[in-house]
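Letters go in sequence order (proteins before strands), and every chain restarts at 1.
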2 protein chains.
Amino acid sequence: MQFDDKVPIYYQIKKYLYKEIIIEHLNPGDKLPAVRQLAVDLTVNVNTIQRAISELVEEGIIVTQRGKGNFVTTDMEKLFALKRHVVEEQIEVMYNNLTALQVSPDEVLEYLTTYIGQRKEQDNG
Amino acid sequence: MQFDDKVPIYYQIKKYLYKEIIIEHLNPGDKLPAVRQLAVDLTVNVNTIQRAISELVEEGIIVTQRGKGNFVTTDMEKLFALKRHVVEEQIEVMYNNLTALQVSPDEVLEYLTTYIGQRKEQDNG
DNA sequence: ACTAGTGTATTAGTTTACTATTACACTATA
DNA sequence: TATAGTGTAATAGTAAACTAATACACTAGT
């Protein structure tokens, strides 16, 4: 896995696991790969994996069963809230940053519309 | 100034200076505060300021006149490109992250529209 | 010439994230 | 009960960012 050297790796792994859960590569109740396996897959140290996972456990997204493994929670409330939160955060950060640059809400919408239009052209062409 | 401890300070200062230039708190040809003054204002070390500024110099956004100070470039092309780039980057990052979460372009637009609607209510209420 | 204001460079020390390694504890199964 | 698979913890070492302090070099005004 490729990491942005401006952000701690454990934090990027956290976001990666969020993603895997949100897009249902990992479903409620699923067992995660073993920490040692994840360490190999993502080419980082076990401790780094551990740090990411322990934060997800604190947040109630992942549940640990000692000796068995780590599992995605079956608490659907938590999972819905996770997706809502992650998506909203993306929008919010972008909106706040652009607003700080004195871009108006209408302009933000305009920029996004234009951007999507360009992407559609590119992705088709 | 308040920093996000997940991102290097020098990098956040870079972004801060981008902002100051884009919103025309600093205009073409303007002299920046002295590095020692900036260090006090932003409550960081001079070396950290220096690191941020030296990257802006490499990018041609800031021009150093030794013994005099650091100045915003008068190359308007560079400045327009800067704004274009910074704004587009915000949109792009958000779009890519949401796409990775299997949010469709139309949904991205929908989320943003809803978000802006909510903000307007809040900010008026 | 002197001095104050500026950027630049160097050195040393601290903190945090990360790695590497090893050991320990729990679970399930042959 | 032995063993393989799991999470957990602790120790030691490395690298990067940051701070602190000092010294140097250039510019402008007195």
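- Judged purely by atom type and a 3.5 angstrom limit, Thr48(B) has no side-chain atom pairing as donor or acceptor with the backbone of Val44(B).
- The interatomic distance linking Leu42(A) (CG) with dC18(C) (P) rounds to 13 Å, in whole Å.
- One finds a side-chain N or O of Thr48(B) lying less than 4.0 angstrom from the OP1 or OP2 phosphate oxygen of dT19(D).
- In this structure, the side chain of Asp75(B) engages the main chain of Lys78(B) through a donor-acceptor pair within 3.5 Å.
- Rounded to a whole Å, the CZ atom of Phe3(A) is 17 Å from the P atom of dA16(D).
- No option in Ile62(B), Val63(B), Val72(B) other than Ile62(B) meets the side chain to side chain contact (heavy atoms under 4.5 Å, CB included) test with Leu56(B).
- Looking only at atom types and distance, the side chain of Asn45(A) has no donor-acceptor partner in the side chain of Arg51(A) under 3.5 Å away.
- Spacing between atom CD of Gln37(A) and atom P of dG7(D) amounts to 11 Å, rounded to whole angstrom units.
- The CG-C1' distance, from Leu38(B) to dG5(C), rounds to 14 Å in whole Å.
- Clustering ILVMFWY residues whenever any of their side-chain heavy atoms sit less than 4.5 angstrom apart, transitively, puts Met76(A) in the very cluster that holds Val57(A).
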Test side-chain hydrogen bond (donor to acceptor under 3.5 Å, both in side chains) on Gln37(A) and Asp41(A) and set out the steps. CA-CA 6 Å; Gln37(A) 186 58 47; Asp41(A) 293 349; 2.9 Å; yes
Reading nucleotides 7-17 of chain C from the 5' end, what letters show protein touch, with B for base, S for backbone sugar-phosphate only, - for no heavy atom under 4.0 Å? BB-B------S
